[in-house]
Structure formats: C-alpha cells, structure tokens
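Have a look at the structure below before the remarks.
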Amino acid sequence: MTTQRRPSLTSLIAALAAVATLGLPGIASAAYEHSANNEKGVIVHPEHFKSDKTRAQVQAEAEGAARQGLLSYGESNYPSPAPSAGPGKTREEVVRELLSETPAERNARMQLYSGG
C-alpha cells in the first residue's frame, strides 16, 4: 500500500519564495539597467528604454504635478537648466584680453578671485 504525501502550506510558501527570488533577476534583465561587476554596480543600456511619451508631455506632467503639490521633497526643487550664454571665447581672445587689461582691472580681478 502506497500513500501519497500532500505538500504542506509551509513547503508551498517556501517554493513560491524560491521561485520569486530566483525569477526576479531574470525579470530585471529586461530593464535598461543591468547588474555589472564594476564600481557603479550597474551598466545602463539607454537603447533598451522604450517610452510612449515625448519630452514635452513628460515636462507638462511634471509641471502639473508640481502645481498640485504631488511631488515629494527634492523632486520639485531640481534646478532648471541654465540659459545658454552663447558661444564662448577662444583661447587667443582670452589671452589677448588678459594681456591688454589695465593694472586697475588686473587688481580688481585678483581681488575677486582671492576673496579679499
């Protein structure tokens, strides 16, 4: 006479936990961040990220959430990007300006950078 043994609730819960624990890394590998053996601990593949929204739509949603007070601390006070100052000066232009400055301008510049 053979008897079949029914699994207990504890063994079913343990099996479910094992499947979840072992299955989560596989699910996470579908994301655009993958674990890596480096200082950061992850490697990012932006080409794996798919979004159905445009940048303008996301910005509009963020502004709406900020107006409604739905953002937590730190999300709403991220600094806005600095306005573009236009094209910078070339190295030669900067050197020319430094060589042609008056002693008073030089003293003012040195005071500014020395904190005194």
Side-chain angles (χ1 to χ4, degrees):
M1 171 160 83
T2 61
T3 60
Q4 281 189 318
R5 203 169 165 189
R6 291 179 29 156
S8 69
L9 181 61
T10 307
S11 63
L12 286 176
I13 292 173
L16 181 63
V19 168
T21 302
L22 296 174
L24 286 177
I27 293 170
S29 68
Y32 70 106
E33 286 184 346
H34 304 287
S35 61
N37 188 17
N38 59 16
E39 185 176 313
K40 194 173 177 184
V42 295
I43 185 167
V44 177
H45 295 282
E47 65 274 7
H48 293 182
F49 181 75
K50 304 289 185 239
S51 178
D52 299 330
K53 297 179 183 180
T54 65
R55 181 178 178 86
Q57 288 171 324
V58 172
Q59 288 175 333
E61 285 181 11
E63 289 170 6
R67 279 194 301 274
Q68 296 173 9
L70 299 175
L71 299 179
S72 66
Y73 178 76
E75 291 179 321
S76 62
N77 61 356
Y78 192 77
S80 57
S84 175
K89 299 177 185 178
T90 65
R91 183 180 187 91
E92 290 79 24
E93 290 172 330
V94 173
V95 169
R96 208 172 322 124
E97 284 180 10
L98 288 173
L99 291 174
S100 65
E101 71 183 355
T102 64
E105 291 172 334
R106 182 178 189 286
N107 286 337
R109 180 174 51 84
M110 297 304 286
Q111 290 270 335
L112 177 70
Y113 292 125
S114 67

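These figures come from a predicted structure and were not determined experimentally.
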| Measuring from Asn107:CG to Glu101:CD, what's the distance to the nearest 0.5 Å? |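 Reported value, rounded in 0.5 Å steps: 9.0 Å.
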
| message | Return the CZ to CD distance between Arg109 and Glu97, rounded to the nearest 0.5 Å. | response |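 Spacing of CZ (Arg109) from CD (Glu97) equals 10.5 Å.
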
| Listed by chain and number, what are the salt bridge (charged side-chain N to carboxylate O under 4.0 Å, His left out) partners of Glu105, not counting sequence neighbours? |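 Not a single residue meets the salt bridge (charged side-chain N to carboxylate O under 4.0 Å, His left out) criterion with Glu105.
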
| Heavy-atom neighbours of Arg106 CZ exceed 12 at 6.0 Å |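 No - once you tally the heavy atoms of other residues, nucleotides and ligands closer than 6.0 Å, there are 12 at most.
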
| message | Between Glu93 and Thr90 (side chain of the first, backbone of the second, donor and acceptor by atom type, cut-off under 3.5 Å), is there such a pair? | response |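 Checked: pair present.
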
| query | With no hydrogens and no angle check, is any side-chain donor or acceptor of Gln57 less than 3.5 Å from a backbone partner on Thr54? | reply |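 Between the backbone of Thr54 and the side chain of Gln57 there is a qualifying donor-acceptor contact (under 3.5 Å).
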
| query | How would you list, by chain and number, every residue that makes a side-chain contact (heavy atoms from CB on, under 4.5 Å) with Asn38, sequence neighbours excluded? | reply |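 If we apply the side-chain contact (heavy atoms from CB on, under 4.5 Å) test to Asn38, skipping adjacent residues, the hits are Ala36, Lys40.
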
